[in-house]
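Side-chain atoms are counted along with the backbone in the values below, which use heavy atoms only and exclude waters and symmetry mates.
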Amino acid sequence: MKATFLGHGLDSGDKNNVGKQIVASLESKDYRIFNGFVAFASISGVKMLQPFLKKAKSKYDHIRFYIGVDNRGTSKEALESLLYQNINTYIYYDKRNYVTYHPKLFIFEGEKFTRVIIGSSNLTSSGLKSNLEASIQLDFRTETDKQGINLINEIKDYYSDLLDLSSSKLELLTQELLQKLIKDNLLFNQFGEKGKIKEPKNNDGENPDEKQTDIEITDYDIESGFEQIDTSTKRTTEKSFGENDYEKFDTILERYISYKKNKRPSGIVSKHTDDRELFYWYQKMHKLYNQGGDSLPFEVFERLLDVGFPFGGIGRERKRLIKWNKDFNKVVEYKNKVDPNSEYTYVPQFKNKSNPYYLVGRWCAWQKQRRKGNKSYGPKLTEYEERKMQSINFLWEFDSTMYKRPKDDEWTDSLVELENYYSKKKNFKTVPSQKTYIGHWLNDQMTSKLRQDRENRTDLISEIREEMLGNLLAKNGVEWEWEKQKHRESIEDKIDSWKLIEELKRTDKIKEFREKNPKILKKHRDNVAQLRSQSKKWNNDRNRWKYELLDKANFPYEKQ
């Protein structure tokens, strides 16, 4: 990995400048994916990059910005320009007053190289060229730089809710959203004069009330950045795991375990060790692993992994694989609970983050992308990982001509559809219409659960299904006995009306309340009258629980 400091503002030369490096990266043939996270954007910053974004669109597979609108730090004109250029832009807005979206991060990814620029520069003219800014540029090989791979995976894990567009605070920039942001006074305005762009002196959005003066943005030579350089060395020799290695493996492995236990718990064999055969064996195992492919046989690799062989330096790769195995075991646990008798393993990608298997579904989705070679989701699936997934017959793709989907998979798909229904705030404390597929499905699940409880059975809805669906319903204010819940809450509302009227009578304030709120008082009195009328019709055992509610509140009603 190569690290380069990018700074500007102190020196008019600005040799290593963030703006120049973004342009050089957009023009480079080495990258195909770009993600930019910036707190604020102005028209000058967007226009500075406009011609290079236009060129990049023809060769990049993915160009996307994630921009904030806190403290009115982003301008209307900047977003209008991005819309006009048809650049995929997502607006991040957290309504909490004490939280500000504040990153300045630019990620360029390609098959051979990856570049990360992180620092203090926003998508503004001052942020890209004239402010006193400081950033670090990190360049590394996409597939072989272990430190770089770890870094990009950590970044993607941290920003996963943005990258997979699942964050509730994220919204695609459209003309409708732009008008809403303007209406909500979240953007500032910029004005052009005589063909020149003028804008307020950028204060990073942190002092919005401070008086500012306009500055004029002039032309700037930004096409002098440097591209990524391949400093790696090519292999001159290839190793192979031969018959002699197989014959000696068990013996040397025992010696290695003893060495690791008694001399160096890290597992690294010192070049100063007296056991030269062990040292050369240790070096060869590393060499074979780094060559990739089938150089290190699968069964040998697994045995080395089991004894804590430090692949990738002091255990970096081993730690990654240990974590991978833990996540893999969660998939196995899910299958054993949800569908233990199925020949195949399938985990849907749940939308609801409170679902106990949300992370399991997301992990499986990431493995699918890695298998396809999508560099945005980490290194390509290793042979070891591929074989582990094959061991549980994991369904990478569904093909109806080969096999029928397990019924449990169809059930979890329905649960995901219900999660989508509840993702809309307006659907809180409601159930979908039975005229829809998902409404009919939910009614069947509720009926099975209530019948199972009533008949003391365990075969109508499994414990794990009851837990997963029950958690989703509870989070959205819905109980299994939905009809009973509606009746109970209606009765409780009417009892509250009666209590209010009784309290007004007791405190002799009912006249005053009637004069100020005649319609409200009428509504409460209507509620009480309805409750008295309804209570006369509850004359069977099925409605006895309703009388219990009235008795508990000491509500006066005509006894049957």
Side-chain angles (χ1 to χ4, degrees), residues 1-28 30-41 45 48-49 52 56 60 63-68 73 92 100-110 112-160 162-163 202 204-206 220-232 312-313 316 375-376 378-379:
M1 178 184 291
K2 178 177 174 57
T4 306
F5 173 75
L6 307 179
H8 53 80
L10 285 175
D11 181 353
S12 59
D14 297 328
K15 177 183 177 182
N16 296 336
N17 170 283
V18 170
K20 292 178 180 180
Q21 288 311 109
I22 291 176
V23 167
S25 304
L26 289 172
E27 290 195 313
S28 173
D30 290 328
Y31 310 110
R32 288 293 179 270
I33 296 172
F34 168 72
N35 286 295
F37 303 80
V38 290
F40 311 116
M48 191 178 294
L49 299 183
F52 311 103
Y60 267 59
I63 297 177
R64 186 181 290 169
F65 278 105
Y66 304 84
I67 299 177
Y92 187 94
T100 299
Y101 177 75
H102 215 246
K104 293 89 178 174
L105 172 65
F106 307 91
I107 304 172
F108 298 86
E109 298 176 82
K112 288 181 62 178
F113 299 111
T114 296
R115 168 172 286 174
V116 176
I117 300 174
I118 185 168
S120 61
S121 292
N122 279 305
L123 187 57
T124 63
S125 170
S126 49
L128 296 178
K129 74 177 186 65
S130 59
N131 272 354
L132 271 69
E133 304 282 2
S135 297
I136 293 293
Q137 175 175 293
L138 302 170
D139 291 328
F140 54 91
R141 291 185 66 84
T142 300
E143 292 189 347
T144 58
D145 190 309
K146 302 295 184 182
Q147 189 176 9
I149 291 170
N150 186 53
L151 169 69
I152 201 70
N153 286 342
E154 288 180 349
I155 291 174
K156 288 180 178 178
D157 185 62
Y158 182 78
Y159 284 105
S160 60
L162 276 67
L163 290 168
N202 185 274
D204 210 29
E206 294 180 335
Y220 181 73
D221 177 20
I222 200 167
E223 299 180 62
S224 55
F226 59 89
E227 294 190 6
Q228 191 161 341
I229 300 173
D230 184 1
T231 58
S232 64
R316 283 194 299 270
K375 305 302 182 184
S376 299

Under the side chain to side chain contact (heavy atoms under 4.5 Å, CB included) test, which residues partner Asp157, sequence neighbours left out? Arg362

For Thr124 and Ala41, indicate whether the former's side chain and the latter's backbone hold a donor-acceptor pair under 3.5 Å. no

Report yes if some heavy atom in the side chain of Thr114 is under 4.5 Å from a heavy atom in the side chain of Asp145; otherwise report no. no

Within a strict 4.5 Å, meaning less than it, do heavy atoms of the Leu49 and Leu123 side chains meet? yes

Side-chain heavy atoms of Ile67 within contact of Tyr92, under 4.5 Å: no

Between Asn122 and Ala39, is there a donor-acceptor pair closer than 3.5 Å when you use the side chain of the first and the backbone of the second? yes

Given Phe140 and Lys2, is the side chain to side chain contact (heavy atoms under 4.5 Å, CB included) satisfied, shown in steps? CA-CA 6 Å; Phe140 54 91; Lys2 178 177 174 57; over 6 Å; no

Report yes if some heavy atom in the side chain of Glu133 is under 4.5 Å from a heavy atom in the side chain of Lys104; otherwise report no. no

Please check this pair: side chain of Ser28 against backbone of Ala24, looking for a donor-acceptor N/O pair closer than 3.5 Å. no

For a quick test of reading the model, state the closest non-hydrogen atom pair linking Phe5 to Ala134 and the distance between them. CE1-CB, 3.9 Å

Which distance, rounded to the nearest 0.5 Å, do you find between the OG1 of Thr4 and the CG of Asp139? 6.0 Å

With sequence neighbours excluded, tell me which residues meet side chain to side chain donor-acceptor pair (under 3.5 Å) with Ser135. none

Set of side chain to side chain contact (heavy atoms under 4.5 Å, CB included) partners for Ile63, sequence neighbours left out: Phe34, Leu53, Ala56, Lys57, Tyr60, Ile87

Taken in chain and number order and not counting sequence neighbours, the residues that satisfy ring-ring contact (aromatic ring centres under 6.0 Å, His included) with Phe37 are Tyr66, Tyr159

Heavy atoms of Tyr31 and Ser25 approach each other most closely as CD1-O, 3.4 Å

Atom of Tyr101, atom of Val38 and distance for their closest heavy-atom approach: CE2-O, 3.3 Å

The reported gap from CZ in Phe106 to CD1 in Ile22 (rounded to nearest 0.5 angstrom) is 4.0 Å

Partner of Glu109 by salt bridge (charged side-chain N to carboxylate O under 4.0 Å, His left out), out of Lys156, Arg64, Arg115: Lys156

Quick one, Asn150 and Lys146 - any side-chain contact, counting heavy atoms below 4.5 Å? no

Measure the CD1-CD1 distance between Ile136 and Ile118 for me, rounded to the nearest 0.5 Å. 10.0 Å

Contacts of Arg32 that satisfy side chain to side chain donor-acceptor pair (under 3.5 Å) - sequence neighbours left out: none

Test of understanding: with side chain to side chain contact (heavy atoms under 4.5 Å, CB included), list the residues that count as partners of Ile149, not counting sequence neighbours. Asn153, Pro379

